[in-house]
Amino acid sequence: MESESKELPELTNVDKWPKVVMRLAPFPSGPLHIGNARMAVLNDYYVKRYDGELILVFDDTIGSAEKQVETEAFDMIPEGLDYLGVKWHRTVYKSDRLNIFYKYAVDLLKKGEAYVCDCDAGLWRNEHKIKGKPCSCSILSVDENLSRWEMMLDGTYPERGAAVRLRTGMDNPDPAMRDHVILRISETEHPRVGTRYRVWPLLEYSWGIDDHELGISHIIRGKDLVKEGKIEQHIWCIYDWQQPELLYYGRLKFQDATLSKSKSRKEVLDGTYSGWDDPRTWSMQSLAKRGIDSQAIRKIMLDLGLSTVDISISMKALYSENRKLRDADAPRLFFVESPTWLKLSGVPAETTYAEAPVHPDFPDRGVRKIPLDVRDDTILVGIQTKDYDRFEEGLLFRLKDFANFKLLKGKSPVGQFHSHDVDDVRATKGPIIQWVPKKGSVGTEITMIDGSITTGFAEPSVSKLKPGTFFQFERWGFGCIVESGSPMKVAFAHK
RNA sequence: GCUCCGGUAGUGUAGUCCGGCCAGCAUGGGGGACUCUCGAUCCCCCGACCCGGGUUCAAAUCCCGGCCGGAGCACCA
């Protein structure tokens with residue numbers, strides 16, 4: 001068992017099952033995003049804890065106009081799970097199981113537990129569901145229902161022309177529980193099975209059958225699915241199946257990010273986002289690209305526990321965890337955003353490079369050399385305009401790990417060499433800032449979290465680092481190299 | 001409107017079933033030490049039991065009544 005995070009409560013009735021079997025049921029409309037990670041991590045946690053089995057079930061029923069199956073998701077979701085360290089034992093596609101759902105549909109019709117309703121959906125809602133009055137379809141004979149069922153399958157009924165309703169009771173006090181539709185007609189083409197089927201199950205029905213068929217013992221999911229759970233229980237009761245344990249957690253929102261798969265899908269398709277790994281999608285792919293350690297995500301998700309309250313957390317918590325995990329391994333670098341070029345004069349002629357530690361906490365990792373091209377006692381270096389602007393004329397400041405200079409703002413920005421000793425600048429409480437030499441620095445493009453690009457220059461030693469390297473730009477923030485070269489491309493991680 | 005769920009510092013969470021150690025932890029904010037970063041590390045501080053009754057020697061915890069918040073009520077998932 002991984003020693004991650006706090007101890008979550010025990011699962012109930014574990015001993016009543018041969019083993020703990022749980023499932024991940026993402027709808028394949030896009031990659032997993034950070035909100036989906038909670039579902040994946042919680043299920044994975046418990047399966048590992050009880051040495052059980054985890055099944056990845058693509059919930060790829062036909063969906064709707066707003067929720068469409070995205071073919072790429074069949075690959076991107078497993079990729080995201082791998083990143084998260086989620087281990088699953090087998091993969092199942094709902095779209096391969098239509099015959100099972102049909103078999104039970106016929107059986108339910110024969111038992112009188114369901115009926116085929118050809119009422120208009122809107123009319124039924126207003127005249128029957130809200131008022132709690134059954135419609136005339138509900139008193140049909142079994143034979144009539146079966147023949148209507150055939151008409152659904154063979155195309156006699158058009159889309160929305162008829163649907164199968166589960167007889168949960170029109171007198172149920174909960175309006176959500178009144179004779180819900182469990183199968184309906186859709187002629188939308190499915191990316192995996194094409195137009196082979198025109199009758200598709202709804203989530204609650206397919207799971208009512210499949211949770212049993214797949215031997216699921218425990219289900220953990222969002223509380224937006226409690227109604228679906230009740231409908232499942234109704235089905236389990238009809239067949240007298242052992243009831244899986246149901247566990248719900250509340251909605252998770254992020255204060256500093258809006259998560260919407262459908263919006264992301266639109267922006268990715270029309271090119272507003274750079275792809276499914278654009279930081280604005282908050283996909284697992286995008287977080288990996290930024291150098292977020294998946295253990296940080298796991299820790300955050302597990303710390304939330306199984307509370308049913310809706311919560312709103314800040315990404316700062318995630319970043320804090322990531323820093324804890326990765327700071328020690330992140331080499332330090334200088335990066336100057338929109339530089340002001342300073343002409344430094346009086347630089348000792350023998351100066352050829354500056355040395356800065358790779359990591360201040362680990363001197364044994366050595367130093368990075370920053371070459372200095374001194375000509376006629378002068379050299380050109382860049383400092384952040386942001387720094388330059390707030391500095392006053394005559395200020396003694398230090399170029400970190402190099403030397404101290406006195407600032408002379410004039411027609412052109414100039415720095416006059418003062419000394420090498422850090423203590424000189426400490427004595428005057430002067431600022432110590434990062435810098436880059438004009439010669440040899442690498443043009444850098446940083447993709448920020450909002451998708452915008454920040455440009456600047458990174459010190460020459462970055463060219464030795466490989467893509468995928470997680471680093472810290474001193475006084476600036478953490479990031480990950482996406483592409484080396486010029487310009488070098490970097491994904492911003494966090495402060 | 002109906003059904004269900006829930007309210008602990010700014011945020012998140014532990015404790016609630018089986019009342020009792022100054023309500024713990026993390027994050028955040030503030031301050032200090034250290035470091036040649038605004039990072040890390042170390043120390044200190046700030047800050048909460050929704051409200052009102054009741055039971056009790058003792059209530060975040062049990063009971064009653066309010067108030068507030070959320071989810072569901074699709075031929076979506």
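To find a chain, count down the sequence lines: A is the first, B the second, and so on, and within it residues start at 1.
- Aromatic ring centroids of Trp476(A) and Phe492(A) lie under 6.0 Å apart.
- Listed nucleotides C75(B), A77(B), G12(B) differ in distance to Lys227(A); the shortest reach to its side chain belongs to A77(B).
- Between Ser29(A) and A77(B), a side-chain N or O to OP1/OP2 separation shorter than 4.0 Å is absent.
- A donor atom on one side chain and an acceptor atom on the other are found under 3.5 Å apart for Thr156(A) and Asp154(A).
- Spacing between G70(B) and C75(B) at atom C1', rounded to whole Å, works out to 27 Å.
- When heavy atoms are screened at a 4.0 angstrom cut-off, Asp401(A) is found touching base atoms of the nucleic acid.
- The side chain of Leu304(A) lies closest to G12(B) when the candidates are A26(B), G72(B), G12(B).
- Atom CZ of Phe254(A) and atom C1' of G12(B) are 11 Å apart (whole Å).
- Across all strands shown, A60(B) forms no Watson-Crick or G-U wobble pair with both distances under 3.5 Å.
- Closest to the side chain of Glu228(A), out of C2(B), A77(B), C76(B), is A77(B).
- In summary, of the residues considered (Lys67(A), Arg23(A), Arg97(A), Lys94(A)), a salt bridge (Lys or Arg N to Asp or Glu O under 4.0 Å) with Asp59(A) occurs for Lys94(A) alone.
- With hydrogens and angles ignored, a donor-acceptor pair under 3.5 angstrom links the side chain of Gln472(A) to the base of U37(B).
- In this structure, the OH atom of Tyr248(A) is 21 Å from the P atom of G70(B), given to the nearest Å.
- We find that CZ of Arg125(A) is positioned 14 Å from C1' of G72(B), with the value rounded to whole Å.
- Residue Ser307(A) places none of its side-chain N or O atoms closer than 4.0 Å to OP1 or OP2 of G12(B).
- Protein atom NZ of Lys316(A) is 9 Å distant from nucleotide atom C1' of G29(B), rounded to whole Å.
- Side-chain contact check for Thr454(A) and Glu337(A): no donor-acceptor pair (N or O, by modelled atom type) lies under 3.5 Å.
- Close to G39(B), at under 4.0 Å from its OP1 or OP2, lies no side-chain N or O of Arg475(A).
- For Ile432(A), taking side-chain heavy atoms from C-beta onward, the closest of the listed nucleotides C36(B), C38(B), C73(B) is C36(B).
- Listed nucleotides: C4(B), G39(B), C75(B). Nearest to the side chain of Lys230(A): C4(B).
- Listed nucleotides: C36(B), C5(B), G72(B). Nearest to the side chain of Thr308(A): C5(B).
- The base-pairing partner of C73(B), taking Watson-Crick or G-U wobble contacts with both distances under 3.5 Å, is G1(B).
- With rounding to whole Å, Tyr249(A) atom OH is found 15 Å from A71(B) atom P.
- With hydrogens and angles ignored, a donor-acceptor pair under 3.5 angstrom links the side chain of Lys67(A) to the base of C76(B).
- With a 3.5 Å ceiling on both atom-pair distances, the Watson-Crick or G-U wobble partner of G28(B) is C46(B).
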For a side-chain contact (heavy atoms from CB on, under 4.5 Å) check, start with the C-alpha distance between Lys261(A) and Asn36(A), then their side-chain angles and the critical distance, and finish with the verdict. CA-CA 10 Å; Lys261(A) 259 193 203 171; Asn36(A) 305 131; 3.4 Å; yes

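- G69(B) atom P lies 21 Å from atom CG of Leu252(A), rounded to whole Å.
- No more than 12 heavy-atom neighbours from other residues, nucleotides or ligands sit within 6.0 angstrom of CD on Glu392(A).
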Summarise how protein sits on nucleotides 40-50 of chain B as a single string, 5' to 3': B when a protein heavy atom is under 4.0 Å from the base, S for sugar-phosphate-only contact, - for no contact. S----------

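- Considering only the side chain of Ile313(A), U11(B) comes nearest among A77(B), C73(B), U11(B).
- Tyr102(A) and Trp149(A) have their aromatic ring centers within a separation under 6.0 angstrom.
- One finds no side-chain N or O of Arg251(A) lying less than 4.0 angstrom from the OP1 or OP2 phosphate oxygen of G6(B).
- The aromatic rings of His359(A) and Phe362(A) sit perpendicular, their planes meeting at an angle over 60°, well past the 30° parallel limit.
- Here the nucleotide nearest the side chain of Arg165(A), chosen from C36(B), G7(B), C75(B), is C75(B).
- Pairing partner, C67(B): G7(B), with both Watson-Crick or wobble hydrogen-bond distances short of 3.5 Å.
- Figure legend: Arg368(A) and Phe334(A) shown as a cation-pi pair, the cationic atom lying under 6.0 angstrom from the six-membered ring centre and within 45 degrees of its axis.
- Ion pair Asp256(A)/Lys316(A) not flagged as a salt bridge, since none of the NZ, NE, NH1 or NH2 atoms sits closer than 4.0 Å to an Asp/Glu carboxylate oxygen.
- Both distances falling under 3.5 Å, in either a Watson-Crick or a G-U wobble arrangement, place A33(B) opposite U41(B).
- The side chain of Lys223(A) lies closest to G70(B) when the candidates are C73(B), G12(B), G70(B).
- Across all strands shown, G19(B) forms no Watson-Crick or G-U wobble pair with both distances under 3.5 Å.
- Of the candidate nucleotides A77(B), C2(B), G12(B), A77(B) has the atom nearest to the side chain of Phe27(A).
- Within the 4.0 angstrom heavy-atom criterion, only backbone atoms of the sugar-phosphate kind lie near Ile311(A); the bases stay farther away.
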